[in-house]
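So the structure is just underneath, and the comments pick up after that.
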Amino acid sequence: MSAHGQPIPLTARARGPLRGEAVIPGDKSVSHRALIFGALSLGETRIAGLLEGQDVLDTARAMAAFGAQVERTGEGAWSVRGVGVGGFAEPEDVIDCGNSGTGVRLIMGAMATTAISACFTGDASLRKRPMGRITEPLALFGAESRGRRGGRLPLVLTGAADPVPVSYRLPMASAQVKSAVLLAGLNAPGITEVIEPEATRDHTERMLAGFGATLESEALPEGGRRILLTGQPELTGRTLAVPRDPSSAAFPICAALIVEGSEVRLPGIAMNPTRTGLIATLQEMGADLALENAREEGGEPTADVVARFSALRGVEVPPERAPSMIDEYPVLAVAAAFAEGKTVMRGIGELRVKESDRIDAVARGLEACGVQVEETEDSLTVHGLGAGGMPGGGTVATHLDHRIAMSFLVGGLASRRPVSVDDGGPIATSFPDFRPLMARLGAEIGEMAPA
Ligand SMILES: O=C(O)C1=C[C@@H](OP(=O)(O)O)[C@@H](O)[C@H](O)C1
Ligand SMILES: C=C(OP(=O)(O)O)C(=O)O
């Protein structure tokens, strides 16, 4: 939806090859964390390349409401003067995190061991998402919460006045839950331990260490990781550059692979191994993907990605890959519609609690575009139609989900008939530049009535 709440229907149609350079904005996960960790530090944090999507802007506003001085100093350039660990002030008004699960969950963790109360809410999508997975571990520190039935937002959280450190084994693979527990552990005396059954994105661990926290992380023999955080460190503001978002890069990459004659170069994409599952899967599908100039930027491995039109073949995506490609399944499913043979994605039950139920949204969208699919509670199978591809011609319901909107618009660039989405407004939450960037590559995505 637009800022005024009106849906913005968009239609994508085939118009020839995509060519050129795609300069992807900053990583959303790192951007949220840069603002939150800056707010929990003493002194100034200067951030370059911050993603200026609505999700991150909502987190910036929230950090100001908790007492940090947050200032935009240029394009993607932000300054945060923090209040230190345990220094959050009580916000005077409701904290509205918009569409952002990462924002609300990490902020709840960050305030849970400070003796203040805050009321959190979000848009219609965020108000449907489970928050018990956060409030339950935060209760172990001594925080109290009261929300709607099923632990939904709006929710009031009162931080523990005398927090105790905890040992917590995550019941699901979730970097948001892991991060909320670690952030709460910052203001608890002693060691907080988090055990994750499967390794998830590790930006919190890497970045907290960079801000001065003492943290140890070890791989477990049975898979997963054990993280030990020493509470009550003095975090110090720092200068950091946000690497370019691999989850946003996924859209032009997949578009180049399925639109005949395409070649797109994407400089400096983050290649943190906890985020590269899509690249591995596409390579197994036969994608012509080159990774060049591997280097380190802003503390994260990066590389230039070159994606060229490819004859893809269906694969089985192993369940253990889910955490490292979690947000990329919708666009992978669309690319799989252009592959020869079937693609089976297993162990993806977490997709049901994202901005939308992504298994259902993708399955219904592909059906609307003439593609046969099968779903179970935690899997999705796409019957690919080969390079001749998806018939298209349908309108896809996006359920306030940016990734569903962008995935199907990518599909429309290669399908036989145009593909429409009912609402492209939420694209602004993570990739505000998506349409102009795709247009510069030669894509036709217009604001027009559904086909
Ligand atoms: O920690 C993060 O920044 C994120 C973690 C993932 O969510 P879960 O922790 O719910 O899997 C991911 O889907 C989200 O887009 C960003
Ligand atoms: C799941 C996502 O984000 P969040 O959980 O932060 O809303 C996403 O960006 O795909």
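Counting starts at 1 for both ligands and their atoms, in listed order.
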### Task
Could you tell me the residue and atom name of the protein heavy atom closest to atom 1 (O) of ligand 1, and the distance to it rounded to 0.1 Å?
Arg33 NH2, 2.7 Å

### Task
Would you mind listing which atoms of ligand 2 come within a distance below 4.0 Å of any non-hydrogen atom of Gln176?
4 (P), 5 (O), 6 (O)

## Note on the structure
for atom 3 (O) of ligand 1, nearest protein heavy atom and its distance come out as Ser29 OG, 2.7 Å

### Query
Are any of the N or O atoms of Val177 closer than 3.5 Å to those of ligand 1?
no

### Query
Any chance the side chains of Ser247 and Glu328 put a donor and an acceptor closer than 3.5 Å?
yes

### Task
Check whether any side-chain heavy atom of Cys97 lies under 4.5 Å from a side-chain heavy atom of Leu126, and answer yes or no.
yes

### Message
Show the atoms of ligand 2 that are less than 4.0 angstrom away from any heavy atom in Asn99.
### Response
7 (O)

### Task
Could you list which atoms of ligand 2 come closer than 4.0 Å to a heavy atom of Thr102?
4 (P), 5 (O), 6 (O)

### Message
So if I count the atoms of ligand 1 from 1 in the order they appear, which ones are less than 4.0 Å from some heavy atom of Thr102?
### Response
2 (C), 3 (O), 4 (C), 14 (C), 16 (C)

### Query
Is there at least one pair of N or O atoms, one from Ser179 and one from ligand 1, spaced under 3.5 Å apart?
no

### Residue from Glu196, Glu193, Glu198 passing salt bridge (Lys or Arg N to Asp or Glu O under 4.0 Å) with Lys178
Glu196

### Message
For the residue pair Thr398 / Asp423, report whether a side-chain donor-acceptor contact shorter than 3.5 Å exists.
### Response
no

#### Entry: Residue Gly101 vicinity, atoms of ligand 2 by number, heavy atom under 4.0 Å
4 (P), 5 (O), 6 (O), 7 (O)

### Task
Could you list the atoms of ligand 2 found under 4.0 angstrom from a heavy atom of His402?
8 (C), 9 (O), 10 (O)

### Message
Any carboxylate oxygen within less than 4.0 angstrom of a Lys/Arg side-chain nitrogen, looking at Arg352 and Glu377?
### Response
yes

### Query
Which one holds for Arg105 and ligand 2: side chain close, backbone close, both close, or neither close, with close meaning a heavy atom under 4.0 Å?
neither

## Note on the structure
Closest to atom 10 (O) of ligand 1 among protein heavy atoms sits Lys354 NZ, 3.2 Å

### Task
Do me a favour and list the nearest non-hydrogen protein atom to atom 10 (O) of ligand 2 with residue, atom name and distance?
Arg403 NE, 2.6 Å

### Query
Does Arg127 reach the side chain of Arg148, with side-chain heavy atoms less than 4.5 Å apart?
yes

### Check ion pair Arg321-Glu284 (N to O, under 4.0 angstrom)
yes

### Message
Distance under 4.0 Å to a non-hydrogen atom of Arg129: what atoms of ligand 2 satisfy this?
### Response
4 (P), 5 (O), 7 (O)

### Message
Show me which atoms of ligand 2 lie under 4.0 Å from any heavy atom of Ser100.
### Response
6 (O), 7 (O)

### Message
Can you classify the ring geometry of Phe431 versus Phe251 as parallel (below 30°), tilted (30 to 60°) or perpendicular (above 60°)?
### Response
tilted

### Nearest protein heavy atom with distance in Å, relative to atom 1 (C) of ligand 2
Glu355 OE1, 3.0 Å

### Message
So if I count the atoms of ligand 2 from 1 in the order they appear, which ones are less than 4.0 Å from some heavy atom of Asp327?
### Response
1 (C), 8 (C), 9 (O), 10 (O)

### Contact partition for Lys178 relative to ligand 1, non-hydrogen atoms under 4.0 Å
neither

### Task
Return yes if a side-chain donor-acceptor contact under 3.5 Å exists between Arg33 and Ser179, otherwise no.
yes

## Note on the structure
So the atoms of ligand 1 within less than 4.0 Å of a heavy atom of Asp327 turn out to be 12 (C), 13 (O), 14 (C), 15 (O)

### Query
Is there side-chain contact between Arg358 and Ile404, with heavy atoms separated by less than 4.5 Å?
yes

### Message
For ligand 2 and Lys354, I'd like to know whether there is a polar contact (N/O to N/O, distance under 3.5 Å).
### Response
no

### Message
Any heavy atom of His203 closer to ligand 1 than 4.0 angstrom?
### Response
no

### Query
Is there a side-chain contact between Leu35 and Val56 (heavy atoms, below 4.5 Å)?
yes

### Task
Decide whether Arg275 and Ser324 meet the rule of one side-chain donor and one side-chain acceptor closer than 3.5 Å.
no

### Query
Would Arg358 count as a contact of ligand 2 if the rule is a heavy atom under 4.0 Å away?
yes

